[in-house]
Trainee: 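Dumping the structure here so I can ask a few things about it.
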Protein chains: 2
Amino acid sequence: MAQQADAGQRARLNRDRVLHAAVALADRVGIEALSMRSLAQELGVVPMALYKHVANKEQLLDGMVDVIVGEIDSPAHGADWKSAVRERILSARRALLRHPWASRVIESRSAPTPGALDYLDSVIGMFRAGGLSADLTHHVMHALGSRVWGFTQELFPASPNVDPDAQAVMFREMAARYPYIVEIAAARTHDGESVVNQGCDDQFEFEFAIDLLLDGFERLHRQGWTSADQS
Amino acid sequence: MAQQADAGQRARLNRDRVLHAAVALADRVGIEALSMRSLAQELGVVPMALYKHVANKEQLLDGMVDVIVGEIDSPAHGADWKSAVRERILSARRALLRHPWASRVIESRSAPTPGALDYLDSVIGMFRAGGLSADLTHHVMHALGSRVWGFTQELFPASPNVDPDAQAVMFREMAARYPYIVEIAAARTHDGESVVNQGCDDQFEFEFAIDLLLDGFERLHRQGWTSADQS
DNA sequence: CACGAAGGTGTACGTCGTACACCTTGGCCG
DNA sequence: CGGCCAAGGTGTACGACGTACACCTTCGTG
């Protein structure tokens, strides 16, 4: 429906076209509907043609990750390390939010892609440039975890729209069985709408966590923290 | 090779036996080798027989999650909230470490299982009992993310054993291209062995992060933090 | 103009989850 | 005691999927 068609005369494929078509297709139909077959069809080509450009599906996914990672801004310079890192990570977050499937794919890689390594190396470099020791930076990166990529592991995968009265019933049942969950869910729902699984401001939560961590890192840095001190 | 065999006379199946056999099989052969077919064979039964006990594979995985979640200790009482939460989460961690596939399966669920909700509700209850506001607790749970389950998103999936000289070559290449990564990897490698992707003490990293977060939570709690304060 | 490599095709295999119709038990009630 | 019926187990089959392998087609270069 996008390209293909006009059989017979079609631009030659290459790795880049394949990768970008895959990203676009995943954006449109979701990652679970992206198969070698559907991608081939999208490109007006037979499935096996793709294997001339990517070794297999895993490598296709690797390549797609690197396309997205390439969208992350380079580090700003001239700012203090804390806000520079913060900005960079929020940029990563913006890139990943444009492609909702990307975080799951990144997590599923069995080895980091070259683009991912570039990005990680440069983030580490930002901490080092800020004066943090290699030792502290190591632990800092671990503590950041998937947050360097701009996403948080979601505990509640945001159930899609259900009709309001079913939700009301569910709410009553939930409140009986999971009083605390319902309470803290309600804590963030100002207007009356949809108490369960909604009304969560993801961006706020992300910045809350990242600032808590960055402040913690800064505190440790200032007091000259070393892993050797910890028994 | 474990049960089955002695055809003809075989204990009746039920949901629980299916679930526990699935957990044991995943422990033994890995989650990616767990199929409805392999599980059926393990139980000495035809694949379709399983569908009398679980609706489909997703529900099988849900059930497996709840088996593991059931292994998490109940909250200790009598301790302050911080160390009580800490202990509980480390118990979750121990349970998940016994079943290395479990974290990936938990992440892949599209809706939380009942057992997961029970656990989350009770962890939230621990913060509330410690006096944290529902508001703060909400954000705290988000900041914890998958860490409530006792795992951190691994950035480097721990490449398995490769021979030492290949590693030495790789090291030289890595050092040129990713100087900072190699530097912080080395920061934690005291003895000379395997600089790349090894020598990381997961348990240390986990506790570093969890304590950083818990300390941050405590600080906010003491100073009466409220999300309303944040612009 | 020929030729060889790079790009594209067609067919086929093994694996997966599972729908659907069927048979076999075993516990309960008359 | 006999018969019944639901719960448990079977067999066959289908439509995805990733991809191996042998083949044909196109095009840039000598």
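Labels below follow one simple rule: chain letters A, B, ... track the order of the sequence lines, proteins then strands, and each chain is numbered from 1.
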Trainee: Between A:P47 and B:M36, which is nearer to the 5' end of DNA chain C once each is assigned its nearest nucleotide?
Mentor: A:P47
Trainee: Is B:D27 salt-bridged to B:R98, going by a charged N under 4.0 Å from an acidic O?
Mentor: no
Trainee: Measure CD/B:Q41 against P/D:dT10 and give the value in whole Å, please.
Mentor: 13 Å
Trainee: For the pair made of CD in B:E58 and C1' in C:dT18, what is the distance, rounded to whole Å?
Mentor: 13 Å
Trainee: Look at the side chain of B:R12 and decide which nucleotide, out of D:dT10, D:dG18, C:dG26, has an atom nearest to it.
Mentor: C:dG26
Trainee: Can you classify the ring geometry of B:H139 versus A:F204 as parallel (below 30°), tilted (30 to 60°) or perpendicular (above 60°)?
Mentor: tilted
Trainee: Applying the salt bridge (charged side-chain N to carboxylate O under 4.0 Å, His left out) criterion to A:D62, which one of A:R109, A:K57, A:R15 satisfies it?
Mentor: A:R109
Trainee: Please determine whether a side-chain nitrogen or oxygen atom of A:H53 lies at a distance below 4.0 Å from atom OP1 or OP2 of C:dG8.
Mentor: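 So the side chain of A:H53 is within the cut-off, an N or O lying under 4.0 Å from OP1 or OP2 of C:dG8.
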Trainee: Could you state the CG-C1' distance from B:L50 to D:dG8, rounded to the nearest angstrom?
Mentor: 12 Å
Trainee: Just the rounded figure in Å: distance from C1' of D:dC27 to CG of A:N14.
Mentor: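 Whole-Å distance recorded here is 16 Å.
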Trainee: Does the ring of B:F206 carry B:R93 above it, NZ/CZ under 6.0 angstrom from centre and within 45° of its axis?
Mentor: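 Judged by the rule (NZ or CZ under 6.0 Å from the ring centre, within 45° of its axis), B:R93 counts as positioned above B:F206.
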Trainee: Rounded off to whole Å, could you give me the NZ-to-P distance for the A:K52 and C:dA6 pair?
Mentor: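 My rounded result for the distance is 11 Å.
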Trainee: What is the distance, rounded to the nearest whole Å, between atom CD1 of B:I31 and atom P of C:dC16?
Mentor: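 Going from B:I31 (CD1) to C:dC16 (P), I get 13 Å.
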Trainee: Rounded to whole Å, please give me the gap between OH in A:Y51 and P in D:dC21.
Mentor: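 Computing the A:Y51:OH to D:dC21:P distance gives 13 Å.
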Trainee: Assess the side chains of B:S74 and B:R88: does a donor N or O sit below 3.5 Å from an acceptor N or O?
Mentor: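 No donor-acceptor contact under 3.5 Å links the two side chains.
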Trainee: With no hydrogens and no angle check, just 3.5 Å: does a side-chain donor-acceptor pair link B:E183 and A:H138?
Mentor: no
Trainee: Return the 5'-most residue of the pair A:R37, A:A49 with respect to DNA chain C, ranking by each residue's nearest nucleotide.
Mentor: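 Closest to the 5' end, via its nearest nucleotide, is A:A49.
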Trainee: Out of D:dG18, D:dA20, C:dT18, which has the shortest distance to the side chain of A:K57?
Mentor: D:dG18
Trainee: Nearest whole Å is fine: how far is C:dC16 C1' from B:E32 CD?
Mentor: 14 Å
Trainee: What distance separates A:H53 NE2 from A:R17 CZ, expressed to the nearest 0.5 Å?
Mentor: 9.0 Å
Trainee: Considering only side-chain heavy atoms of B:M48, which listed nucleotide, C:dG8, C:dA19, D:dT19, is closest?
Mentor: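 In terms of side-chain proximity for B:M48, the closest of C:dG8, C:dA19, D:dT19 is C:dA19.
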Trainee: Convert the base pairs of DNA chain C into dot-bracket notation, remembering that pairs crossing earlier ones are written with [ ] and that bases paired across to another strand are shown as |; include only Watson-Crick or G-U pairs under 3.5 Å.
Mentor: ||||||||||||||||||||||||||||||
